[in-house]
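In what follows, a single structure is set out as structure tokens and then discussed.
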Amino acid sequence: MSKKIFEIQAKCSKSKARAGVVKLPHGEVKTPIFMPIGTQGTVKSLSRDELEKLGSQIILGNTYHLWLRPDLDVLQSAGGLHKFSSWEKPILTDSGGFQAFSLAKIRKFSEEGVTFSSHLNGEKRFLSPEESMRIQTVIGSDIALVLDECLPAEISKVEARRAMIRTRNWAERSRDAFEKLRHETGHENNLFGIPQGAQFNDLRVESAKLTMELDFPGYSIGGVANGGEPEEVMYSQVLEQTEILEDEKPRHLLGVGTPKDIVEMVARGIDMFDCVMPTRNARHGSLFSKVGEYGYSNIKIKTKRYEKDFSPINSDSVFWELRNYSKAYLRHLFISKELLAYRLATLNNLEFYLNLTTEIRERIMNDTFDEFWKNYKQIDS
RNA sequence: CCGGAGUUGGCCGAGCGGUCAAUGGCACCAGACUGUAAAUCUGUCGGGCUUCGCCCUACCCAAGUUCGAAUCUUGGACUCCGGA
């Protein structure tokens, strides 16, 4: 039996939403939670103190990127990623499976694993389930993920099934290798399984069952929102699996999504989220902003309409910078490509996302999530 | 006053007889971004329309040469660089 790491504290009476706590070696994570992405061992443009102040409880790192740079040797010498980056709270690492998908032009799959050409210098590297586990053990992530094969949304069913079976085989190899490493090093970290199945609901069901057989302490649902599929498709892909996966284990949805998606997915039983959207969009000058009780809008700060808008970036922020610097000033920083722009916008967007999951959690606790879910929407500014 | 160089779309700047409503860059406008090869990318960018095409007005101004001129000639205006 896998170790129990999740405790449910409250359930929504009208949806599958639940609030809980995930217990990890570097601390507890209150769910639902959004996990900022720190691919290369840093949430782009932010320091540890800023992440703390944002209330980040857990962040992501990336096996593929950290493997290539700084390299395992450095991470090993540093004593793991927590020490290397001075982040004492939990870390979840992606296994490299997604890079096998997104770096399509420079990789090749086989049953044994994935061969990559490094995007940095072209050098060939081979990533197998065993190698991914070794890397994630050196990184020391609280939650490691099995190596999976992720495919574009428009894939054929035959192909989707083939990849799903391979992911299942890799999951087993990942689990065995991870257990062996745990035995050797004595670490207390966790390995999550990845149900796949593309857009085919029956494959989603089959994949969830196959993954459950391997008895992971939690799940990271994969292959959702990989290629512009309509919202309803995404939502049903997830629901097919959360209906089956054990309630008492935490469910992470890989790579999703918009604020609206997050609310919808919580209603379908997801506990943990990660997405590049708040951080990447921030660097592109797109700011998330709460509007009223149930709305949010997307501000394109670079447009001329903000040239003389001297209102604060966010008067409700916990950050002095966001309460005091004006939109006009932030626009100026973007137009001038001043580095402060990226930091301010990233703080703004992550604060928005983390406040969103905090509010969702509170509403689940006092059972007012349902009305929030029903009314939540994007409002064009 | 003499000699030389120049004046192109919001700005900078290519083009130097037809294939030019005019390459590029910037700005502007619009869009994209969902397990980060992204401080990125895409589209638009003189005006109008029956908008995978057509019609106007355009490369300082004027008059020419030519079947045809942003591109050649002459005159004018302005700018810059040398020399008095």
Side-chain angles (χ1 to χ4, degrees), chain A residues 34-46 59-66 68-69 92-107 116-122 132 141 143-151 153 167 192 194-196 219-231 233-235 237-238 252-262 264-265 270 272-288 298 300-307 330-331 333-346 349 353 380:
Chain A
F34 180 79
M35 309 183 274
I37 295 194
T39 300
Q40 313 209 59
T42 169
V43 174
K44 294 187 193 299
S45 84
L46 301 188
I59 62 173
L60 251 76
N62 199 297
T63 298
Y64 170 80
H65 297 258
L66 293 166
L68 298 185
R69 194 167 56 188
L92 179 151
T93 42
D94 191 7
S95 61
F98 183 74
Q99 275 57 50
F101 157 65
S102 68
L103 304 178
K105 282 175 225 138
I106 55 174
R107 56 79 171 142
F116 286 101
S117 247
S118 158
H119 70 280
L120 300 173
N121 61 11
S132 178
S141 42
I143 300 174
L145 301 189
V146 302
L147 187 68
D148 65 323
E149 183 174 350
C150 191
L151 293 168
T167 292
F192 279 19
I194 303 185
Q196 286 282 2
Y219 302 99
S220 290
I221 293 176
V224 174
N226 276 351
E229 57 273 53
E231 285 179 343
V233 173
M234 280 173 52
Y235 298 164
Q237 283 175 323
V238 168
H252 163 214
L253 179 57
L254 280 158
V256 174
T258 65
K260 168 81 172 158
D261 290 340
I262 287 176
E264 293 290 343
M265 294 306 191
I270 298 296
M272 304 166 76
F273 298 89
D274 75 275
C275 189
V276 300
M277 191 166 280
T279 42
R280 179 184 291 167
N281 285 24
R283 278 173 274 116
H284 296 170
S286 184
L287 307 189
F288 289 97
N298 213 237
K300 309 269 188 191
I301 197 70
K302 289 192 271 193
T303 62
K304 210 180 174 85
R305 64 187 279 197
Y306 296 108
E307 188 179 32
L330 180 55
R331 172 179 190 270
L333 295 177
F334 264 108
I335 299 291
S336 314
K337 300 195 191 311
E338 278 294 337
L339 302 184
L340 180 58
Y342 308 117
R343 189 182 133 234
L344 296 180
T346 301
N349 285 358
Y353 265 68
D380 291 328

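Within every chain, numbering begins at 1; the chains are lettered A, B, ... in the order of the sequence lines, protein sequences first and strands thereafter.
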Nearest to the [X] side chain among [options], which nucleotide is it?
X      : options                : answer
A:H65  : B:rU34, B:rA39, B:rU36 : B:rU36
A:K300 : B:rU36, B:rG35, B:rG31 : B:rG31
A:D94  : B:rC33, B:rU40, B:rG35 : B:rG35
A:D261 : B:rA37, B:rC29, B:rU34 : B:rU34
A:I335 : B:rC28, B:rU36, B:rG35 : B:rC28
A:N281 : B:rU36, B:rC33, B:rG35 : B:rC33
A:H284 : B:rA38, B:rG35, B:rC29 : B:rA38

Does any N or O in the side chain of A:S95 come within less than 3.5 Å of the main-chain N or O of A:G97, such that one atom is a donor and the other an acceptor?
-> yes
With [atom1] as the reference atom in both, quote the distance from [N] to [M] in angstrom, rounded to an integer.
N      : M      : atom1 : result
B:rG15 : B:rG68 : P     : 26 Å
B:rG18 : B:rA63 : C1'   : 23 Å
B:rC59 : B:rG4  : C1'   : 24 Å
B:rA62 : B:rA69 : C1'   : 15 Å
B:rG6  : B:rU51 : P     : 45 Å
B:rA14 : B:rU66 : P     : 32 Å
B:rA22 : B:rC16 : C1'   : 13 Å
B:rG25 : B:rC45 : P     : 15 Å

Map A:D274 and A:Y342 onto RNA chain B by nearest heavy atom, then report which one ends up closer to the 5' terminus.
-> A:D274
Hey, which of these two, A:V276 or A:R331, hits RNA chain B nearer its 5' end, going by closest nucleotide?
-> A:R331
A:L68 and A:S118: which non-hydrogen atoms are nearest, and at how many Å?
-> CD1-OG, 3.6 Å
Closest heavy-atom pair and its distance - A:F101, A:C150 = CB-O, 3.4 Å
What's the [atom1]-[atom2] distance between [X] and [N], to the nearest Å?
X      : N      : atom1 : atom2 : result
A:L253 : B:rG35 : CG    : C1'   : 9 Å
A:I37  : B:rU34 : CD1   : C1'   : 9 Å
A:L147 : B:rG35 : CG    : C1'   : 12 Å
A:N298 : B:rG31 : CG    : P     : 10 Å
A:K337 : B:rG25 : NZ    : C1'   : 12 Å
A:N349 : B:rU36 : CG    : P     : 17 Å
A:F288 : B:rU34 : CZ    : P     : 11 Å
A:L254 : B:rU36 : CG    : C1'   : 14 Å

Taking side chain as C-beta onward, heavy atoms only, is [X] less than 4.5 Å from [Y]?
X      : Y      : value
A:R305 : A:K300 : no
A:D274 : A:H252 : yes
A:Y342 : A:K337 : yes
A:D94  : A:T63  : no

Roughly how far, to the nearest 0.5 Å, is CG of A:D148 from OG of A:S220?
-> 9.0 Å
Spatial distance of atom CD1 (A:I143) from atom CZ (A:F192) [nearest 0.5 Å] = 4.0 Å
Does [X] place a side-chain N or O at less than 4.0 Å from the phosphate oxygens OP1/OP2 of [N]?
X      : N      : value
A:R280 : B:rU34 : yes
A:R69  : B:rA37 : no
A:S102 : B:rA37 : yes
A:N226 : B:rU34 : no
A:Q99  : B:rG35 : no

Just checking [X]: base, sugar-phosphate only, or nothing, at a heavy-atom cut-off of under 4.0 Å?
X      : result
A:S286 : base
A:G223 : base
A:L60  : sugar-phosphate
A:Q196 : base
A:L120 : nothing

For the base of B:rG35, is there a side-chain donor-acceptor partner from A:N62 under 3.5 Å away?
-> no
Answer with yes or no whether A:T279 presents, from its side chain, a donor or acceptor under 3.5 Å of a partner atom in the base of B:rU36.
-> yes
Bracket notation of RNA chain B in which parentheses pair within the strand, [ ] cross earlier pairs, and | pairs with another strand (Watson-Crick or G-U, under 3.5 Å) = ((((((((.[[[..)..(.....]]]..((((.......))))..((((...))))...[[[[[..)....]]]]]))))))).
Before giving the answer on side chain to side chain contact (heavy atoms under 4.5 Å, CB included), spell out for A:D261 and A:L253 the whole-Å C-alpha distance, their side-chain angles and the decisive distance to 0.1 Å.
-> CA-CA 11 Å; A:D261 290 340; A:L253 179 57; over 6 Å; no
